*Asks:* 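Have a look at the structure that comes next, please.
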Amino acid sequence: MEGGVGLATTTQPQQPPPPVVEKLNPKLEKELNLESLKTRALSLFKAVSRILEDFDAYGRTNTTPKWQDILGQYSMVNLELFNIVEEVKKVSNAFVVLPKNVNAVNAGILPVMLSSKLLPEMETDDNAKREQLLQGVQSLPIPMQIERLKARMDMIAAACENAEKVLADTRKAYGFGTRQGPSMLPTMDKGQAAKIQEQENMLRAAVNDGAGTRLPPDQRQITTALPPHLADVLIINEAGKIALPGQSNNFNNQGMMQVSGTQFMGRSAASPSGPNFDNTASPLPYSNSPRATGMVNAPSPQQQIQQQQLQQQQRAKLMQMPQHQQQLLAQQQQLRQTSMQGLGQSQIPALHDLHGQSQQKFQTLHGQHQMSYSQPMAAAHQQFQARQLSGGHIQHSMSQGQLNPAMNRHLNQFSGGANSALFTSAQGSPSSQMIPNMSSMQSQTLVPRMQQFGVSGTNPQRSHSSQMLGDQMFNSSGMMQTQQTQTQQPQQQQQQQQQQQGGYGNMQTNQQSLQPNNMMQNAQQRHQNPPQ
Amino acid sequence: MECVVQGIIETQHVEALEILLQGLCGVQRERLRVHELCLKSGPNLGVVTSDVRLLCDLDQPDPTWTVKHVGGAMRGAGADQISVMVRTMIESKVSKNSLRMFYALGYKLDHELLKVGFAFHFQRTAHISVSVSSVNKMPKVHAIDEAVPVTHGMQIVDVTAPATPENYSEVAAAVSSFCEFLAPLVHLSKPFISTGVVPTAAAAAASLMSDGGGTTL
């Protein structure tokens, strides 16, 4: 801008300083207020030097400065300087710059610096800008030009004001203006927040757990065409189940197994149990198909039907077994270390079979049955129905008189565990009612054995039995109490009925007192009366 | 072992997040389209069920398979002080026969997911991978084309970095400092802890999406 349009000062009319006395006009002097200016300049100088010292200290001690404080100091210094300069500017009109020292170096540039005319390039720049501004209004008379320009200025001023307002608002929103952080956060209403929270939980659960993405078991068939990356990996057989390539003919094998159940006795290797095992030692489609969720070894309905048929056949056979054979059976069972034989046998062939060694004896005896364990007893528990659980115990009671001494010996050995309860049950008196029970039990127990193969190398019978006893369904184990009382009173008939006596805890306590059989008997008889 | 944090972001802000990540990471984004099959072992395979994830990268012309096992997270007072989750993780590339093999072993399909989105992999003290994807579930087994999002309108942000037991604290620090850069748009936290969305994400997204007002006078 040209020098003519300067600051509108309100200073007093300036009087040229008297040439003789180099003293400023007193009024001007007052205006200048040199004293205060000096103190202000000094304080500014002190503030700046303090800041420099601080930085020095930071640099030496290698600490990070607190930027907020430093920014505060800077702004203070800045403001102070601005004020001082403003003050000086106010009275600068009264003064003219006079070069102190003119010599060859600065003689050339001095006229330029002293002149108030713009430099040539600045001048052209200025002209160009003025051209731009007055573009539209050059042609009009001057007052109109002035008006137009004024209108333009007003518009620009209004736009600037709006922009300032927006900036201030956003500054407030984010707290940028103040150095204390956001003071006000935009909040969502409760409903929206709750919805978002719910969605978030769903999403996180889906990614981390898979919750909400699992299909119900009945929808786990593959019904649509496989995507390309799976098409050559999985083979779907006609039944819509995933088959492993090379095993599509296994489905037929299951049928074979039912029919030729007796052929499987030869297997003695420990293997994961399941009624679906075939001799080829390949994993079964049922067990491994994704469809079979949870029930790994669940036999198919077809198998169950066939097994039941077999069971009926076996039962018929057993009914015809002569008495002495049954006693022999019972005897050998007692001499074994488990007597969990009867527990848990039900119509549905169970995967786990508690018989163990006694069953092996059966095998040698009859040559028809397969003794086996099943490893996943826990899984099989689920399949049990507590229908005829107790029947098995009665088997032990067959050989009452003959085995009492033997049983006592065994009882002493196994008094600690649940097995002992079963041992004592063996001492019960046989009765006419028991025999059919036993045979029925045997049929139940023997038939499933045919289906199972998991003979374990070790002797996990104890653990199995304890597992069994813990199971809810085996509250009927309480019935073992009933049979304990039969130790020396073979004539007791009351324990034939299997009673659920909520038993595990009871059983344990009773077992510990097996030594004094008489005492236990009395106690148990007293126990039994109420439930009956 | 890996350090992992997760967060959620509304779908409308995903583009802004992509711009932010582009600026922060300095690498090109990669498309992400992964079919994740989670297999669980049955009770006949052991007392404790184990689960295994098979990831099939469908983005390539030839799908590549990866097997991944995610273990338990570090627990205790030390773990509480770290802002990321440190957990065991084993990953390996496998052939496409892996699915068959796991079925043959006795594993069963527990659930499957389809993740569609993008990812950035870069190096910043540690090798960090950031992926933003929408999680889809399938109404029918293996029906990828019919996948629908689990939560429409919300996507998941995953920041992971592999670590070893010796250097996991540095990796955790690197991940958490990187996550601070993403704070305007997404809150990141350990996987099972919910965080909510960032309330000012809309404004941040708007500022990221605008051209910045850098016109010259």
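In the text below, chain A, chain B and the rest are named by the order of the sequence lines, each starting its count at 1. Only a predicted model underlies this, so the values are computations on that prediction, with no experimental measurement involved.
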*Asks:* Rounded to the nearest 0.5 Å, how far does CE of B:Met154 lie from CD1 of A:Ile196?
*Replies:* 5.0 Å

*Asks:* What class does the angle between the rings of A:His229 and B:His35 fall in, given that below 30° is parallel, 30 to 60° is tilted and above 60° is perpendicular?
*Replies:* perpendicular

*Asks:* Relative to chain B, which segment of A:Asn208 carries a heavy atom at a distance below 4.5 Å: side chain, backbone, both, or neither?
*Replies:* both

*Asks:* Sort B:Cys56 into side chain, backbone, both or neither according to what part of it lies under 4.5 angstrom from a heavy atom of chain A.
*Replies:* side chain

*Asks:* Between B:Thr195 and A:Arg204, is a side-chain contact (heavy atoms from CB on, under 4.5 Å) present by the stated rule, with each step listed?
*Replies:* CA-CA 10 Å; B:Thr195 56; A:Arg204 281 183 186 259; 3.4 Å; yes

*Asks:* With chain A as the partner, which of B:Val150, B:Leu39, B:Asn136 has the greatest number of non-hydrogen pairs under 4.5 Å?
*Replies:* B:Val150

*Asks:* Taking the side chain as every heavy atom from C-beta outward, state whether A:Gln199 and B:Ile8 have any pair of such atoms under 4.5 Å apart.
*Replies:* no

*Asks:* Sort B:Ile9 into side chain, backbone, both or neither according to what part of it lies under 4.5 angstrom from a heavy atom of chain A.
*Replies:* neither

*Asks:* So what's closer than 4.5 Å to chain B heavy atoms on A:Leu203: side chain, backbone, both or neither?
*Replies:* both

*Asks:* How far does CD of B:Glu36 sit from OG1 of A:Thr213, to the nearest 0.5 angstrom?
*Replies:* 9.5 Å

*Asks:* Can you tell me how far apart OG1 (B:Thr151) and CG (A:Asn201) are? Round to the nearest 0.5 Å.
*Replies:* 11.0 Å

*Asks:* Give, as side chain, backbone, both or neither, the part of B:Leu58 having an atom under 4.5 angstrom from any heavy atom of chain A.
*Replies:* side chain

*Asks:* Which answer fits B:Pro149, side chain, backbone, both or neither, if we ask what part of it has an atom under 4.5 Å from a heavy atom of chain A?
*Replies:* neither

*Asks:* Is chain A contacted by the side chain of B:Leu113, its backbone, both, or neither, given a heavy-atom distance below 4.5 Å?
*Replies:* side chain

*Asks:* Identify which part of B:Gln155 has an atom lying under 4.5 Å from any heavy atom of chain A, answering side chain, backbone, both or neither.
*Replies:* backbone

*Asks:* For B:Phe192, does the CZ atom have more than 12 heavy-atom neighbours from other residues, nucleotides or ligands under 6.0 Å away?
*Replies:* yes

*Asks:* Only pairs of heavy atoms separated by less than 4.5 Å count here; which of B:Ser134, B:Pro191, B:Gly196 has the most with chain A?
*Replies:* B:Pro191

*Asks:* Using 0.5 Å steps for rounding, measure from the CG atom of A:Leu215 to the NE2 atom of B:His142.
*Replies:* 10.0 Å

*Asks:* How many angstroms lie between CG in A:Asp209 and NE2 in B:His111, if you round to the nearest 0.5 Å?
*Replies:* 7.5 Å

*Asks:* Using a cut-off of under 4.5 Å for heavy-atom pairs, which of B:Val47, B:Asp110, B:Leu45 has the most such pairs with chain A?
*Replies:* B:Asp110

*Asks:* Go through the atoms of B:Thr49 and report whether side chain, backbone, both or neither lie under 4.5 Å from a heavy atom of chain A.
*Replies:* neither

*Asks:* Could you tell me which of B:Ile156, B:Asp51, B:Asp158 has the largest number of non-hydrogen atom pairs under 4.5 Å with chain A?
*Replies:* B:Ile156

*Asks:* Please indicate whether B:Gln12 has more than 12 foreign heavy atoms, meaning atoms of other residues, nucleotides or ligands, lying under 6.0 Å from its CD.
*Replies:* yes

*Asks:* Counting heavy-atom pairs closer than 4.5 Å to chain B, which one of A:Glu198, A:Arg214, A:Met202, A:Gln197 comes out on top?
*Replies:* A:Arg214

*Asks:* Tell me, side chain or backbone of B:His152 under 4.5 Å from chain A's heavy atoms, or both, or neither?
*Replies:* backbone

*Asks:* Using the rule given for side-chain contact (heavy atoms from CB on, under 4.5 Å), can you reason through A:Glu200 versus B:Val197, listing the C-alpha separation, both sets of side-chain angles and the distance that settles it, and then say yes or no?
*Replies:* CA-CA 9 Å; A:Glu200 176 187 359; B:Val197 286; over 6 Å; no

*Asks:* Please determine, among B:Val70, B:Ile193, B:Leu37, B:Asn97, the option with the most heavy-atom pairs under 4.5 Å with chain A.
*Replies:* B:Ile193

*Asks:* Using a cut-off of 6.0 Å, state whether more than 12 heavy atoms not belonging to B:Phe178 lie near its atom CZ.
*Replies:* yes

